Protein chains: 2
Amino acid sequence: MKPRPLSYQEENYLKAVLKISEGRGKKDAGILELSRALGVKPPTAHQMLKKLKEKKLVLFEKYGKVMLSAGGRKAAMALVRKHRIWETFLHDVLKFSWDEVHELAEYLEHIPSDEIINRLEKLLGNPKFDPHGDPIPDVGGNVRPAFRKTLSMGTPGRNYHLVAVSDSHQSLLQFMSKYNLKINDKIKYVSELGLDGMGVIRVRNKNITVGSTFMHEVKVVCEQCMKKCKCPDEVWCVV
Amino acid sequence: MKPRPLSYQEENYLKAVLKISEGRGKKDAGILELSRALGVKPPTAHQMLKKLKEKKLVLFEKYGKVMLSAGGRKAAMALVRKHRIWETFLHDVLKFSWDEVHELAEYLEHIPSDEIINRLEKLLGNPKFDPHGDPIPDVGGNVRPAFRKTLSMGTPGRNYHLVAVSDSHQSLLQFMSKYNLKINDKIKYVSELGLDGMGVIRVRNKNITVGSTFMHEVKVVCEQCMKKCKCPDEVWCVV
DNA sequence: ATTAAATGTTAGATAAACCTAACATTACAA
DNA sequence: TTGTAATGTTAGGTTTATCTAACATTTAAT
């Protein structure tokens, strides 16, 4: 077996930097936050990031923030592409539920083959979004922007399409499974409750009361904004 | 992510012991042979096998041979099952060629999920053999015996089904790809050449001269033996 | 402006899986 | 049966990715 160009762990660190710097929140990545995202202690993350700097995959100065280099970003986007195509395969073909696919894809994304991914993509009919509604980068690492916002940023009374949810938020995914809520469901944002950030939505003629996490983590697209191809409070992110 | 029950490498060592002790040749596994099979130096293999002995996965006494315990064999058979189901998926669904699937399956077999494997098996229609003609163990780790012999053990003039070829023999796999030879092809063993163990086979009305490696590595089943459900020179193995 | 809290860095230790060099045992062939 | 070749074992070192403990810098609050 050929040696991997990047180790399993190096790949995870690059993905974590991408997730923080271009994901929901989009902030500069610091060592502490990275170490938390990766489940390691700060000195561990620090050491690895020095190594990735040597390899010119990240930009990182003493006491400064961490950013991906062009090469590092390319590698990280390739991982995101692999992750999301595997998730789509597991969901669409092997019928794994929405909340099971993420963990398995965490392993599968490291399989060192671009060809498997390209063939899976074709098999799946060149999907543009994974089962969580996140856009799938193309072979060049480009993602189409997606017009979307959190439900909490929506306007009560309007209709939305449920398009995305953080795929690593286990309890939320289970909540949605329980109420049979799926990507692409049409929902109506009925009302804000004004208490603990809760709200009420209507799906298939049934009202569901949802909590703050749901309001802030679930991403929706308002059909009006889609049509106008502009959305004042658009929030989109890659990871 | 949960910790793996066995590390990536521990799995490979168990598989290597199985391959030597129950594969073609079926000999007792020694440290030197294991180290060669795994591409490591003898002390490395020795150390790992002491660890696997601690974990009760192998039986191994000083200066003695290595054998799998019941638990070790179960784990190794599970790996063989995963490997062969992934190979079948890659070949049947993603249309990878016969000689490409082995290397990719070497990675995929370590994905820690039995459920993916069970669903793939169903998707593929519960195949009994992988693209190389090797039998796929069931969930319990049982393999059906296969009546087969090497072509060199066959009788010139008879018709055979090409059922198996060592999936790690790259140059042989490429030779077969080149002549468009596939598992399940009907071939006639035309004659022995009596020189360097060479022979002639006939496939789709074309004669092909094959060398010693082909004669000794390619497995065939003689239809007569299959029908009688017994074969005097049956050679079957698991890995 | 000062200080406390948050964050980042360094140094040194550990475990896994590999190595080389040296030594021990077994197997077999003369 | 004895000596050499093949195989196995031990000891000690390397690399990767982790840790803890101690120290340094930056940020933010009074």
Side-chain angles (χ1 to χ4, degrees), chain A residues 1-17 20-21 25 27-68 72 75 79 106-107 109-110 112, chain B residues 1-17 20-21 25 27-68 72 75 79 106-107 109-110 112:
Chain A
M1 262 187 281
K2 303 155 206 157
R4 292 167 183 270
L6 292 175
S7 80
Y8 200 94
Q9 294 304 351
E10 287 170 334
E11 290 188 340
N12 282 334
Y13 279 82
L14 291 180
K15 216 178 43 154
V17 178
I20 292 171
S21 58
K27 46 195 157 197
D28 287 342
I31 294 295
L32 185 66
E33 191 171 9
L34 279 167
S35 71
R36 286 200 184 116
L38 290 156
V40 300
K41 301 294 177 186
T44 307
H46 185 260
Q47 188 187 322
M48 180 59 113
L49 285 158
K50 278 203 300 191
K51 196 173 86 181
L52 291 174
K53 187 196 168 182
E54 291 304 303
K55 294 196 179 189
K56 313 252 180 177
L57 293 164
V58 301
L59 310 170
F60 174 42
E61 297 306 328
K62 236 189 183 183
Y63 294 104
K65 296 300 178 175
V66 182
M67 274 169 298
L68 293 172
L79 280 167
E106 287 285 301
Y107 292 104
E109 70 189 4
H110 299 289
Chain B
M1 264 188 280
K2 303 156 206 155
R4 292 165 182 272
L6 292 175
S7 80
Y8 200 94
Q9 295 305 350
E10 286 170 335
E11 290 188 340
N12 282 334
Y13 279 82
L14 292 180
K15 215 178 43 155
V17 178
I20 292 170
S21 58
K27 46 194 157 195
D28 287 342
I31 293 294
L32 185 66
E33 191 171 8
L34 278 167
S35 71
R36 285 200 185 116
L38 289 157
V40 300
K41 301 294 175 186
T44 305
H46 184 261
Q47 187 187 323
M48 180 59 115
L49 285 158
K50 278 203 300 191
K51 195 174 85 181
L52 291 174
K53 187 196 169 183
E54 292 303 304
K55 294 197 180 188
K56 313 252 180 180
L57 293 164
V58 301
L59 310 170
F60 174 42
E61 297 306 327
K62 238 188 183 184
Y63 294 105
K65 296 299 179 178
V66 182
M67 273 169 299
L68 292 172
L79 279 167
E106 286 286 300
Y107 292 103
E109 70 190 4
H110 298 290

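Keep in mind that what you see is a predicted model, and the values were worked out from it rather than measured. Proteins get letters first, then strands, A, B, ... in listed order; numbering begins at 1 in each.
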Could you list the protein-to-nucleotides 2-5 of chain D atom pairs, N/O on both sides, closer than 3.5 Å?
none

Is Lys50(A) near enough to dT10(C) that one of its side-chain N or O atoms lies under 4.0 angstrom from OP1 or OP2?
yes
Stepwise, does the side chain to side chain contact (heavy atoms under 4.5 Å, CB included) test hold for Leu52(A) with Val17(A)?
CA-CA 11 Å; Leu52(A) 291 174; Val17(A) 178; over 6 Å; no
What's the separation between atom NZ in Lys55(B) and atom NZ in Lys53(B), rounded to the nearest 0.5 Å?
15.5 Å
In residues 33-44 of chain A, what donor-acceptor pairs under 3.5 Å come from side-chain atoms, sequence neighbours left out?
{"unit_1": "Glu33(A)", "atom_1": "OE2", "unit_2": "Lys27(A)", "atom_2": "NZ", "d": "3.3"}
{"unit_1": "Ser35(A)", "atom_1": "OG", "unit_2": "Ile31(A)", "atom_2": "O", "d": "3.4"}
{"unit_1": "Ser35(A)", "atom_1": "OG", "unit_2": "Leu32(A)", "atom_2": "O", "d": "2.7"}

Rounded to the Å, how far apart are Leu38(B) CG and dC19(C) P?
10 Å
What is the distance from CD of Glu11(A) to P of dT16(D), rounded to the nearest Å?
16 Å
State whether His46(B) places a side-chain N or O below 4.0 Å from either non-bridging phosphate oxygen (OP1 or OP2) of dG8(D).
no
Rounded to the nearest angstrom, tell me the gap between atom CG in Asp28(A) and atom P in dT27(D).
11 Å
Checking all strands, does Phe60(B) fall into the base, sugar-phosphate, or nothing category for heavy-atom contacts under 4.0 angstrom?
sugar-phosphate
Distance in angstrom units between Leu32(B) CG and dT25(C) P, rounded
19 Å
ring-ring contact (aromatic ring centres under 6.0 Å, His included) partners of Phe60(A), counting only residues at least two apart:
His46(A)
Could you run down the sub-3.5 Å N/O contacts of the protein with nucleotides 13-16 of chain C?
none

Of the non-hydrogen atoms in Leu79(B) and Glu109(B), which two are nearest, and what is the gap between them?
CD2-O, 3.6 Å
dG8(D) P sits how many Å from Lys53(B) NZ, rounded?
15 Å
In plain terms, say whether Glu10(A) and Arg4(A) are close enough for a salt bridge, that is, a side-chain N and a carboxylate O under 4.0 Å apart.
no
Residues which pass side-chain hydrogen bond (donor to acceptor under 3.5 Å, both in side chains) with Glu11(A), listed by chain and number, not counting sequence neighbours
His110(A)
Take atom CD of Glu33(A) and atom C1' of dG8(C), then tell me their distance rounded to the nearest Å.
14 Å
As an exercise, state the distance from OG of Ser21(B) to CG of Leu68(B), rounded to the nearest 0.5 Å.
5.0 Å
Nucleotides 20-26 of chain D: which of its N/O atoms have a protein N/O under 3.5 Å away?
{"unit_1": "dT25(D)", "atom_1": "O4'", "unit_2": "Tyr63(A)", "atom_2": "OH", "d": "3.2"}

For Glu61(A) and dT9(C), what is the distance between atoms CD and P respectively, to the nearest whole Å?
10 Å
Validation row: Leu59(A), Val66(A) side chains within 4.5 angstrom (heavy atoms):
no
Side chain to side chain contact (heavy atoms under 4.5 Å, CB included) for Leu57(A) and Leu14(A)? Distances and angles first, verdict last.
CA-CA 8 Å; Leu57(A) 293 164; Leu14(A) 291 180; 4.0 Å; yes
dA17(C) P sits how many Å from Leu34(B) CG, rounded?
16 Å
With heavy-atom distances below 4.5 Å as the criterion, would you say the side chains of Glu106(A) and Lys15(A) are in contact?
yes
What's the spacing between Tyr8(B) OH and Tyr13(B) OH if we round to 0.5 Å?
13.5 Å
Tyr13(A) side chain N/O closer than 4.0 Å to the phosphate oxygens (OP1, OP2) of dT16(D)?
no
